[in-house]
**Q** 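This is the structure, below, for whatever I ask next.
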Amino acid sequence: MQIYNTFSRKKEEFTPLNPPLVTMYMCGPTVYNYFHIGNARSFIMADIVRRYLQFCGFDVKFIMNLTDVDDNIIKKALEEKRPADEVAQFYSNAFFEDINKLKIKPATTYPKATMHVQEMINVINELEKKGIAYNVDGNVFYDISKFPSYGKLSGKKTDELESGSRVEINEAKRNPLDFALWKKAKDGEPSWDSPWGKGRPGWHIECTAMSTKHLGKSIDIHAGGNDLIFPHHENEIAQSEACFEQKFVKYWMHFGFLNIQNEKMSKSLGNFFTARDVLAKYSAETIRLFFAQTHYGGPLNFSDELLNSAKKGCEKISNLIEVAENQIRNNSQEGVDPEFDFQKYRNDFMSVMDDDFNTPQAVAVIFDFIRAINKIIAENEKINVRFFHQVKLMLKETAYDVLGIVDMDEKHTDSNLSIENELIELLIKVRDELKKEKQFSLADQVRDGLAKIGITIKDTKSGVTFKRD
RNA sequence: GGUGCUGUACCCAAGUGGCUUAAGGGGAAGGUCUGCAAAACCUUUAUUCGUCGGUUCGAAUCCGACCGGCACCUCCA
């Protein structure tokens, strides 16, 4: 398997440090707002990477942190006139609701920054002992001049950065590029005791502390959006490698942005849609297919037109699932056993996914498969149920388990729904009788009436099926 | 100013030296099936990959120049 490593700017053979274990860390949200659909792209693509590694038999330990104390949260707390921890709790809950709706598999753990302040203090202490961190009146900064390879991930040279920098000069820093490890508390801000007085951690230090604690000093994969390469991930490397004196991350993965009219969707520009707003219009599967149809590293525009196109694609997949499930219910032992090389498609799927998670090609393999199967179904009068079991299995493994672009969740039918189903079945039977009597206008009344309330009827060879919108 | 990414059909998008005289999805057009629909199937929709040169037996793929688009260098996935 090959993974594109931002660090080397090349695809590299993926060899985890301690197979079959894979340690994966993803920079999670700062919980001061609902996350937007651009954030969702990163979360979903990381989810697909993680699912595929598991599909390949790796034992993936996947950590995603929650930043639950920072400037933005404090600002939001002032705006909403409630305590910062309440704001963080509120948006953490919203975060979990949304990723659940997006069918993102839960991480192994979601460590919170505020639960790891002691670990962060320990790292800062160590850096201070080594003479890399310096304390100016209760603010502790990282001295980048003490880390000669600073800039190695982003390819930035510190002298060039200085000349073009628009950073507001903080007089306390020795060098404008030095970054805060510990921030002195102002009145009314959340704070913790520390060797440097009351304060709170800087942003970058939490990932160093939490990734080390939960995954070890060296990890396999560290993922995040493109905008985190500099300075966030650069700073994480500086902190971790200066403190622990070993390579921090083997593979750096970065996700491209979701754009709106070719401009980055971002909270600061205000040109964003929240994931929950988009989920109100489109299913998780549609959103996931929309993302999977583009390679994770490139930019991608967001529009209703593109989402609708993905929606049609999803329907194509679920239509076949429906046919297969319908046939499996009928359980026909009669009919032909068509010759079909399921393994070929499975192998194709794996070989393109092995190539740096080429989800657009993986999706193409699935659609090729679907067309081939539909053709066989169209050409044969009766097909043995064994065939449909295999069809379903193939789609379950690829489209459902790995990509999550089709809904095959176990449905727990509540009693209202099952009465409803029986009523629909009854109407379908009545329509069937009407058709036999050639009373087509009445039969169409039934079909159109059901369509109006969002139930679509299809006459197929294996009988009539219905589906809710 | 520095750094990195990017330009493929009507839209989205893969492919990065011969397997491709370019996957897949959507859209459009025609046909088959159907009482009619829907779904599905078949056919058509880029001899061409921003432009111009070069390297090569061979290039969308490598090199150079030029023209666009975007991002990072400040919190942001």
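Being a predicted model, the structure only gives us computed values, none of them experimental.
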**Q** Check side chain to side chain contact (heavy atoms under 4.5 Å, CB included) between A/N271 and all other residues, then give those that pass, not counting sequence neighbours.
**A** A/I260, A/E263, A/M265, A/S266, A/L269
**Q** Test for a donor-acceptor pair under 3.5 Å between the base of B/A37 and the side chain of A/D459, counting only N and O atoms.
**A**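 Side chain to base: pair found, below 3.5 Å.
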**Q** Quick one, give me the B/S/- string for nucleotides 17-33 of chain B, reading 5' to 3', where B means a protein heavy atom under 4.0 Å from the base and S means that only happens at the primed atoms, P, OP1 or OP2.
**A** ------BSBSS------
**Q** Just the rounded figure in Å: distance from C1' of B/A38 to CD of A/E322.
**A** 11 Å
**Q** Between side-chain atoms of residues 23-35 of chain A and protein atoms elsewhere (two or more places apart, or another chain), which donor-acceptor pairs fall under 3.5 Å?
**A**
from: A/T23; atom 1: OG1; to: A/D220; atom 2: N; distance (Å): 3.0
from: A/T23; atom 1: OG1; to: A/D220; atom 2: OD2; distance (Å): 3.2
from: A/Y25; atom 1: OH; to: A/N65; atom 2: OD1; distance (Å): 3.3

**Q** Got a sec, which pairs hit ring pair (Phe, Tyr, Trp, His ring centres under 6.0 Å) with one end in residues 377-406 of chain A, sequence neighbours left out?
**A** A/F342-A/F387
**Q** Holding to salt bridge (Lys or Arg N to Asp or Glu O under 4.0 Å), I want the full list of residues that pass it with A/K396, two or more places apart in sequence or in another chain.
**A**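 Per chain and number, A/K396 pairs via salt bridge (Lys or Arg N to Asp or Glu O under 4.0 Å) with A/D401.
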**Q** Could you tell me which residues satisfy side chain to side chain contact (heavy atoms under 4.5 Å, CB included) with A/D337, sequence neighbours excluded, listed by chain and number?
**A** A/N384, A/R386
**Q** Side-chain donor-acceptor contacts of residues 424-435 of chain A below 3.5 Å, not counting sequence neighbours, with atom names and distances?
**A**
from: A/R431; atom 1: NH1; to: A/D459; atom 2: OD1; distance (Å): 3.2
from: A/R431; atom 1: NH2; to: A/D459; atom 2: OD2; distance (Å): 3.0
from: A/K435; atom 1: NZ; to: A/D459; atom 2: OD2; distance (Å): 3.0

**Q** Dot-bracket, RNA chain B: Watson-Crick or G-U, under 3.5 angstrom, [ ] crossing, | other strand?
**A** (((((((..(((.....[.....)))((((((.......))))))....(((((..]....))))))))))))....
**Q** What residues form a side chain to side chain contact (heavy atoms under 4.5 Å, CB included) with A/D348, not counting sequence neighbours?
**A** A/K344, A/V365
**Q** Rounded to whole angstrom units, what separation is found between the CD1 atom of A/I74 and the C1' atom of B/C75?
**A**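 It works out to 13 Å between those atoms.
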**Q** Sequence neighbours excluded, which residues qualify as side chain to side chain contact (heavy atoms under 4.5 Å, CB included) partners of A/A372?
**A**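 Checked A/A372 against side chain to side chain contact (heavy atoms under 4.5 Å, CB included); matches are A/F340, A/Y345.
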**Q** Under 3.5 Å between N/O atoms: give me all the protein pairs with nucleotides 68-72 of chain B, atom names plus distance.
**A**
from: B/C70; atom 1: O3'; to: A/N262; atom 2: O; distance (Å): 3.4
from: B/C72; atom 1: OP1; to: A/K264; atom 2: NZ; distance (Å): 2.8
from: B/C72; atom 1: O2; to: A/K156; atom 2: NZ; distance (Å): 3.2

**Q** Output the residues of residues 389-405 of chain A in contact with RNA chain B, where contact means a heavy atom of the residue under 4.0 Å from an atom of the strand; sort by number or write none.
**A**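 Listed by number, there are none.
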